[in-house]
Amino acid sequence: MYRQLQRHLIQHIRSFLQAKYQLELDNIVVEQPPKIEFGEFALPLCFELARRLRKAPRKIAEEIVAELPPLDGFQAFEVAGGGYINARINRGRAAALVVEAQADMASAGQAGKILVEHTSINPNKAAHIGHLRNSILGDTFVRLLRSAGREVDVQNYIDNTGVQVADVVAGFVHLEKKSKAEIEKIMASTSKFDYYCWDLYAKVSQWYGEDKANLQVRLDTLHAIEHGGNELADIADLISTAVLLRHLETMERLGIEYDFLPRESEILHLNFWSTAFEQLKEKKVLYFETEGKNNGCWVMTRPGSEGSAEGPDEDAKVIVRSNGTVGYVGKDIAYHLWKFGLLGRDFGYKRFYRYPNGQDVWISTSPEDDELNHPHFGSVSEIYNVIDARQSEPQETVKEALRLLGATEQAEHYTHFSYEMVALTPRCALELGYEVSEEDQQKSYIEVSGRKGFGVKADDLLDKLILAAKAEVDSRHPELSDEERLAIARQIAIGALRYFMLKFTKQSVIAFDFREALAFEGETGPYAQYAVVRATNIFRKAGTTAEEILKDSADLSPYLEGETGTEIWALWLLAGQASTLIDQCIATTEPAYLAKYAFQLAQQFNNFYHRHHILTEADEGRKRFLLTTAAVVRRELIRVLAVMGITVPPVM
RNA sequence: GGGAGCGUAGCUCAGGUGGAUAGAGCAUCUGCCUUCUAAGCAGAGGGUCGCAGGUUCGAGUCCUGCCGCUCCUACCA
């Protein structure tokens, strides 16, 4: 409702300004007045006009208000403050729009498929809370896009041939002296092979520090894996596939699913790089350095730098080393050319995993294993890479390479969805039994490190949340079966976790603390879920449903006037802004706004719930109005929570 | 050295392209369960928006300079 009316208002003002002053404003700012009594929209444009028209803002506002023609759906335009123009909408009409919800549905899907890449955890250890932030942000953004009618493919990039996997392979083979068969036995004996690798990974990192020769083992292992077709590569494939499956299971617990898993092994073996290298050389994006410290390397000038006037550009980014091997940025350039359909090559595809709903996850594979009738991923028009802020430099390099290759359009639709890391508070680290140095104890947070085995595992946190929620549900609903209570506890735990990860803005480091993450009160997911449950209870006790109430609505305008009416109208207005918020979250790639909105809507509903007792209302018309109010808020709250991947239990 | 970001209540954080009296949650204190579930509601205290200048009708927001903190800046991935 709000989004639609706002568009009409801007259009109306624009054409009026053109007719009256021959003014063409490309950006008409619309705000919401600080108080609902002032109306629904506030236009500060007269302050801007004051300079151009050389008149006092208030004077201009009076002039405009006096001559502005009426607009359908709007009741009045008024001058306020030092020169604001406030607009009042017709409450009854607007409320009817909210009830219908038709006009507010996402604008017809724009053309062009979008690719969102998120999660991309190295398949050598269990997922931790930092990975959770990535996946939850990415998954929520996917849901935002889909709710706006966009077609989205979700990719989870698997670096199955990198050093991190090599580290664990070296750990199994050299530290634990395990054969492939013995590793397979370990896998079969545990349901959490990723946990086993977590500990081993930490041990290996320490082992490297003990002897320089061990570092050579690491390098040799890496090279064997990259080359492929040997025992170590087979073991790497075995381990990385097993850990990847664990990651999919962990994410599935949170309702996070993928469409395609491109692997680095295919990027290597299908020679994506050599094709990209030809293009990069031909377009002179890379040049061969013949002197200085980068002598013998293929390098790229850094974005923003003009290179040095004389002598070699020592600051240039090395893409191909002097020994002829390519770094990961090079492989990433090739991969991104593929994403936009500019590489001229494709992966092989095979099915890897099937979700309970029948949806398949595909994985990249060699041409021999390519399944018939597979879907094609890639060749999209827009991409979003959910990758933490530390990688912004390489991300810029890839984008710059696209630009220099002439793919300017694609580079513009390349978005690094950047976010800050999750760290642990020193208190939390101590609680977990880690040794914390004096120096670290003084810090406000300590960075999580998979290499040191320092962090909170995703599955552990979720288990802890479920346990805490279960205890609450047990005490509140002894009449339910254990199975039912567990199902509810799971929904609450997921709601708490997803909301927690979304409530912070992306650029804020989350200093993780169990006390806050395990909270179910205040600004949390369960708070919003509870508001919906309360609304549901009203309809159940009234012997009807919210859907039924919304089917036929009378004229609500009589109940939206006066002091009480205005107070309830504020709730309607907020409920009518869901689509505005979804648009805003997409435009700014910031899901936190939606979390904030959901909380505010729940908060205002709880307030309404407390002040207006619906079932004992004697006036039938008024009772009907209050029920409609609850039904509308409930529907929008459920819708917004669903975009955040949060479902609502039947009772709490 | 260069680049990016951050600094707002005791703590954790919001504060679209400058706009009306700087807001939440937690914590502390005071009330409210015979009512549609108290995972809730109402209220109180708590602020030199890091510091100093500048831009203008107007600055937490923009510019400059300081102070403090973090990350990036390898022929590792």
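What's counted below: heavy atoms across the whole structure, side chains too, no hydrogens, waters or symmetry copies. These numbers were taken from a predicted model, which means no experiment stands behind them.
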Cation-pi geometry met for A:Lys331 and A:Phe272 (6.0 Å, 45°): no

For A:Tyr201, ring pair (Phe, Tyr, Trp, His ring centres under 6.0 Å) partners two or more places apart: none

A:Tyr208: ring pair (Phe, Tyr, Trp, His ring centres under 6.0 Å) partners, not counting sequence neighbours: none

Salt bridge (Lys or Arg N to Asp or Glu O under 4.0 Å) contacts touching residues 519-543 of chain A (sequence neighbours left out): A:Glu523-A:Lys596

Base-paired stems that RNA chain B participates in, counting runs of 3 or more Watson-Crick or G-U pairs under 3.5 Å: B:1-7 with B:67-73, B:10-13 with B:23-26, B:28-32 with B:40-44, B:50-54 with B:62-66

Contacts of type ring pair (Phe, Tyr, Trp, His ring centres under 6.0 Å), residue A:Phe504, not counting sequence neighbours: A:Phe500

Contact pattern, 5' to 3', of nucleotides 28-37 of chain B - B, S or - by protein heavy atom under 4.0 Å: -------SBB

RNA chain B: 5'-proximal contact among A:Pro526 and A:Lys35 (nearest heavy atom): A:Lys35

Table of protein N/O atoms under 3.5 Å from nucleotides 10-12 of chain B N/O atoms:
unit_1	atom_1	unit_2	atom_2	d
B:U12	O2'	A:Glu516	OE1	3.3

Can you give me the N/O atom pairs linking the protein to nucleotides 74-76 of chain B at distances under 3.5 Å, or say none if there are none?
unit_1	atom_1	unit_2	atom_2	d
B:A74	OP2	A:Arg302	NH2	3.4
B:C75	O3'	A:Arg321	NE	3.2
B:C75	O2	A:Ser322	N	3.1
B:C75	O2	A:Ser322	OG	2.9
B:C75	N3	A:Ser322	OG	2.5
B:C75	N4	A:Lys293	O	3.2
B:C75	N4	A:Asn295	O	3.1
B:C76	OP2	A:Arg321	NE	2.6
B:C76	O3'	A:Arg321	NH2	3.0

Stretch residues 588-597 of chain A: residues that reach within less than 4.0 Å of RNA chain B through a heavy atom: A:Tyr593, A:Lys596

Options B:A39, B:A20, B:U73, nucleotide nearest the side-chain atoms of A:Asn86: B:A20

For A:Trp273, ring pair (Phe, Tyr, Trp, His ring centres under 6.0 Å) partners two or more places apart: A:Phe277

Nearest listed nucleotide, side chain of A:Arg390, among B:C41, B:A20, B:C71: B:C71

Strand-adjacent residues in residues 486-496 of chain A, judged by heavy atoms under 4.0 Å from RNA chain B: A:Ile492

Return all side-chain donor-acceptor pairs below 3.5 angstrom for residues 487-498 of chain A, not counting sequence neighbours, or 'none' if the list is empty.
unit_1	atom_1	unit_2	atom_2	d
A:Gln491	NE2	A:Thr647	OG1	3.0
A:Gln491	NE2	A:Val648	O	3.4
A:Arg498	NE	A:Met644	O	2.7
A:Arg498	NH1	A:Asp139	OD2	3.0
A:Arg498	NH1	A:Leu254	O	2.9
A:Arg498	NH2	A:Asp139	OD2	2.7
A:Arg498	NH2	A:Thr140	OG1	3.3
A:Arg498	NH2	A:Met644	O	3.2

